[in-house]
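The next block holds one structure in the form of structure tokens; read it before the comments.
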Amino acid sequence: MERVAWVPDDVDEGLPSAARLYDYLLGGGHNFAADRELAAKFLKAQPNARNIARENRAFLRRSVLFMIESGVRQFLDLGSGIPTVGNVHEIAQKADPDAHVVYVDYEEVAVAHSKLLLENNDRATIVQADLTVPESILEHPDTRALLDFDRPIGVLTAGVFHFVSPAKEPKRIVAAYRDAVAPGSYLAISQFTADFMPEEMAGIVEVMKNSRDPMFPRSYDEILDLFEGCDVVEPGVVATPLWRPESVTAASDEPTRAGIYAGVGRKR
Amino acid sequence: MTPSGEGQQPHDARRQRRLALARAWAAAVADTTYVPMSPREIEEYLLALVDRIGDALSAEPFDPEPVAEIGTLLVRAHFSGPETLERTLDVLGRTLLFNPETGPVDRLAERVVTVLGAVASGYATAMRQDAFDQQEEIKRALLNAKNDVERVLKVSEARFRQVFATSAVGIAITDLTGRCVEANAALAEILATESSSLVGRQFDELLYATDTDGLHAIYRDLVDGVLDTYRERGRLRRDDGETAWVYLAVSVLRDADGNPTHHVTMVEDITELHLLADQLSHQALHDALTGLANRQYFASRLESALGSPAPITLYHLGLDAFSVVNHGLGHDVGDRLLKIVARRLEAAVQGERALVARISGDEFAVLVQHSPTTPSVLDMIRILQDELAEPVYLDDQGVAVSAGIGVVDQPPAGIEIADLLRAANSALRRAKANGKRQWSIYEQREDEAERVRSRLAAVLPGAWESGEISVAYQPMVRLTDGRIVGVEAVITWEHAEHGVVSPRDCMRLAEDTGLSLPIGLWALEAACGRAREWQDLFGDGAPTLWLRLTPLQSGDADLVGAVRQTLADTGLGPSAVRIALDTGAVLAELGDAADNLRVLADTGVGTALHEFGGAHQELGLLVESKTQALLLSPAVVREIVGNTPALRRALGEMVSVAHLAEGVVAAAGIDTAEQADRCRSIGVDLAQGAHFAPPLPPEQIPALLNGV
């Protein structure tokens, strides 16, 4: 029997999605008019949005490579979105072709797109589920088929928790994933904050308020709190460009303009 | 071989220049786009492109063809931000024009422009192609997503259809006005109808009027969100008029905006469960053997019948000699008999508003609520007796069943159930006391007497202790000459409240309480003492002393010893007494009764039989035992003194037979001269009763004997 976490009435490309907005900001073409319309508003509220998206995507890449270097060969990418440039399985499998990746997203176009991309890759798959319902992912047969929970797993949440409202208790959600993985697993979190540019952030919140994916920026303390049960690796929770930059020049831009905090923790 | 210093120098310099260009290029485009490579990887990637451009510029003859691919290579590696090309052309243009590689290149500016044009054009084409590919991909993804959703919806719809159609649970989908939009086969089955006939009907039609308002409120609360779901036992009207007992589970269907549109009502048929519950309660209320109502259920039905205006009659039946069947033929046979009796009693009251119950081992009760056609009590008793009288064949043996019936007719409305049942029971006891197949209607008065009796029995021992009991003497008269030839010693009780308790009642009370033996002994001693006194006074003219013994006294193993001891103690001659044993007790050989009679007679003690009914075996006993006298039973006396000469003559025959056996025949309870005459007319020898004298204290007897 087919497992479906939920059943949408229809797929409406007239409804902008955060995944396609991100793709657009990264220069991708996997988007529709409505997404580009939303992107225009987004850019008006936060003119630096392209850089912020780029820095976030770059953090994802660096965190994956860091985990690879730390010996992790399995990844659970929560809220993976539209497969755009520099996907986790490409990064990981370039380092080790045997790396396993499970993508998770709830947006049906993103999922369909990921399926197309992963058609011929038996070491990566996409699970359609809501990341705020961890058991639906952790117990999903596709997840279980690809990931060995007795060995370390890299849990990636790049730019997704700002879509999780406080009511859904993000800490409880993170804890569920953390509890499910073996000690020595890693958790990467990046999410919007109003700590750096409160005005622009407020603008973004306003723009996204009535979309399918309203946003909830969090403070440094709140984000650090999500790493409970983990040792946060150097340099801690910082603006994305400052997280283990690959060259001095790469982080030369005013880092706080990245708007997003990032950090990686190692499960004790 | 050593490489030429001159040859190496320009080559290294070119390398450095190209590397510097690649770095400048990377820096220029770094923030225009995201390229998933490390800075070093980016430089190396761009350096390869710089090589290609540099080589093309210096190639002879000049050919821009290899450069055309650069645009594609840039776009493929995602050097494809909105400003990436502009920055690329800027860096390349400036560097290539002012940093010529080795030596002068012919028409450099023209070549550079051509190269940059080729890069730009290739880039534009690649971008167009890339955008086209991406749009193609995303549209395919969208299509797939839509197909997926549709497929899921189809599966889900199919699944719903499957569940809806094959569910054992009845499902009705109704709109907010209560009109049935869809109903499944299970619901139709529960309601004994077709599902097509349910569609379009108001759900209300399926409800009982008394349930409608409550359910309306619940459906409203569901719509208002006060209730999430509702699950409760209920009942629905089936199309065949029967009731379906169901669990109802109701919830609300909402549209995409969350507005309520329909109700879903799940209907689980629990009629069988309900029937099972009924059966369980039936078992609690009914007798397992006969299936009749049990005592508890009967009592509750009796109570509600009493509350209704229709008059009722209560019949309490006790089977005659059921223990004989049970012991003689076995319990299985007894059980079968009880079942047959149950069915017959039901048959007897068929057509009446009546309830038959088994209220104890061999006792049944019938409650009849009167209707204009209800038979009278007498007719009903006849119907019940006739129904039972039909022989029952058990193991090929015909067994006749009869029952005693106690009747309480039209009890007052306020009577307690316990009192009513007790009244019926008391009437039954009275009926049974009269023999088989008897019946008795409860009379308030009789019952009163019974209660008085019980109270008296309770206080009798104390009364004896305190001297309220005394021995009195009632004369016995010879009918031929009116002479007092005997006195019967009787015990009397002067009760403070109830006055004088008759000797007969007194002895019955004593018998019931087990006091008859000591009281009897005490009376024997007292009476013998008095008789001795009278013998001393009157010699041969002294009266014979009669003592009537109760059944218990008759069978007492110590009777002979006690009599002989007393006679010896008082010095009274054995022939001066008539110890009258109970006929029934002797015949039934109750205790030592038969031996007592024989031994007393053998030792010369005067004996008699009382409660003599004149039956064959009684006459046989009279002849065999050489008993000197007999005291006729009250029933026989009633027949002798009654108005039926033929009966009287027949009893005269009996008296003659007694005379032939040399027995003296005595009749007690003679209250009038006429009665005395009738006794005399058939040869009765002695008579006693109010007509002659009441029981008297011993002091008065000598005067009577003197004829004073």
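The analysis underlying the following values was restricted to heavy atoms, covering all of them including side chains, and did not include hydrogens, waters or symmetry mates. All chains are named by letter (A, B, ...) in the order of the sequence lines, taking the proteins before the strands, and each is independently numbered beginning at 1.
Using non-hydrogen atoms only and a strict 4.5 Å limit, the part of residues 93-104 of chain A facing chain B consists of K94(A).
Between M37(B) and I42(B), the shortest heavy-atom distance links the atoms CB-CG1, 3.7 Å.
To the nearest 0.5 angstrom, Q134(B) atom CD is 8.0 Å from N31(A) atom CG. Residue F164(B) holds its CZ atom at 8.5 Å from CG of L187(B), rounded to the nearest 0.5 Å. Interatomic distance, CG of L242(A) versus OH of Y261(A), reported as 10.5 Å (0.5 Å rounding). L116(B) CG to L85(B) CG: the interatomic distance, rounded to the nearest 0.5 Å, is 9.5 Å. Here the CH2 atom belonging to W25(B) is positioned 9.0 Å from the OH atom belonging to Y45(B), to the nearest 0.5 angstrom. Atom OH of Y106(A) is separated from atom CZ of F163(A) by 8.0 Å, given to the nearest 0.5 angstrom.
Interface summary for chain A: among I138(B), L143(B), T32(B), D133(B), the most heavy-atom pairs under 4.5 angstrom belong to I138(B). Of the listed residues (R61(A), E90(A), R50(A)), the one with the most heavy-atom contacts under 4.5 Å to chain B is R61(A). Of the listed residues (A27(B), A131(B), S38(B)), the greatest number of heavy-atom pairs within a distance under 4.5 Å of chain A belongs to S38(B).
In this structure, the portion of L116(A) lying under 4.5 Å from any heavy atom of chain B is its side chain and not its backbone. When heavy atoms are compared at a cutoff of 4.5 Å, V111(A) does not approach chain B at all. Both the backbone and the side chain of R140(B) come within contact range of chain A, with heavy atoms under 4.5 Å apart. With a 4.5 Å cut-off on non-hydrogen atoms, I82(A) touches chain B through its side chain but not through its backbone.
Just one residue in the list Q135(B), E137(B), K139(B) forms a side-chain hydrogen bond (donor to acceptor under 3.5 Å, both in side chains) with H30(A), and that residue is E137(B).
Between F66(A) and Y186(A), the two ring planes are perpendicular [angle over 60°; tilted spans 30° to 60°].
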